[in-house]
Amino acid sequence: MKCNKLVDTGRRQFLRGGVLGAAGVAAGAVLPASQAKAQARAMVDYPSNRLANLADLTLNEPMDITYPDAESPGVLLKLGTRVEGGAGPDGDVVAFSVLCPHKGYNMSYHAADKTLNCPGHFSRFDCEAGGQQVWGHATQNLPQFSLRIDDAGDIFAEGADELIYGRLSNVL
Ligand code: FES
């Protein structure tokens with residue numbers, strides 16, 4: 001009898017958790033993407049790191065960077081067309097982590113279709129679409145670093161919109 005009560009209590013708590021979890025998912029689902037990204041960023045105190053100057057970039061050629069620390073490799077790109085999350089006067093400067101969200105392989109840039117490609121299990125991520133996965137095994141899109149460019153053309157990274165592979169928090 002006592003045991004049955006415990007089972008029943010446990011079941012009710014599980015169901016309550018499920019309802020609350022579903023409510024949370026539903027609430028998250030109706031948030032506009034920009035608000036969801038702002039909320040995610042609000043959880044972490046990101047550093048503002050200078051990556052390069054606009055004059056250092058060559059059209060459609062990747063520049064190696066690290067952000068938010070030296071253990072997190074990334075790439076800085078001038079794509080040549082205005083894109084989601086793009087910074088600078090042409091809205092075409094973007095930065096991404098190059099650690100594949102699937103299992104952390106180091107990815108390389110393919111200039112012909114402006115994707116980052118994984119040598120591990122061949123996932124591909126679209127740099128013109130905010131790092132959206134176009135094929136592969138990962139369960140999230142590629143972390144994109146938010147950029148600010150000052151009057152002198154210096155480019156600063158100041159946040160990330162997804163969890164970087166292998167981390168419980170983007171800022172350690
Ligand atoms: Fe990149 Fe598996 S590690 S697809």
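Throughout, residue positions are numbered sequentially from 1 according to the sequence presented. Atoms within a ligand are numbered from 1 in the order they appear, just like the ligands themselves.
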**Report entry** Protein N, O or S within less than 2.8 Å of atom 2 (Fe) of ligand 1, waters excluded
**Finding:**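 Listed by chain and number, the nearby protein N, O or S atoms are His102 ND1, His121 ND1.
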**Report entry** Contacts of Tyr105 that satisfy ring pair (Phe, Tyr, Trp, His ring centres under 6.0 Å) - sequence neighbours left out
**Finding:**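 Per chain and number, Tyr105 pairs via ring pair (Phe, Tyr, Trp, His ring centres under 6.0 Å) with His121.
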Is there a donor-acceptor contact under 3.5 Å from the side chain of [X] to the main chain of [Y]?
X	Y	value
Asp161	Ser146	no
Thr115	Asn117	no
Gln133	Ala138	yes

Query raised in the report: Can you tell me how far CG of Leu51 sits from CE of Met63, rounded to the nearest 0.5 angstrom?
Result: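 Output value for this atom pair is 9.0 Å.
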Query raised in the report: Is the closest side-chain heavy-atom distance between Asn106 and Pro73 below 4.5 Å?
Result: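 Result yes, sub-4.5 Å side-chain heavy-atom pair found.
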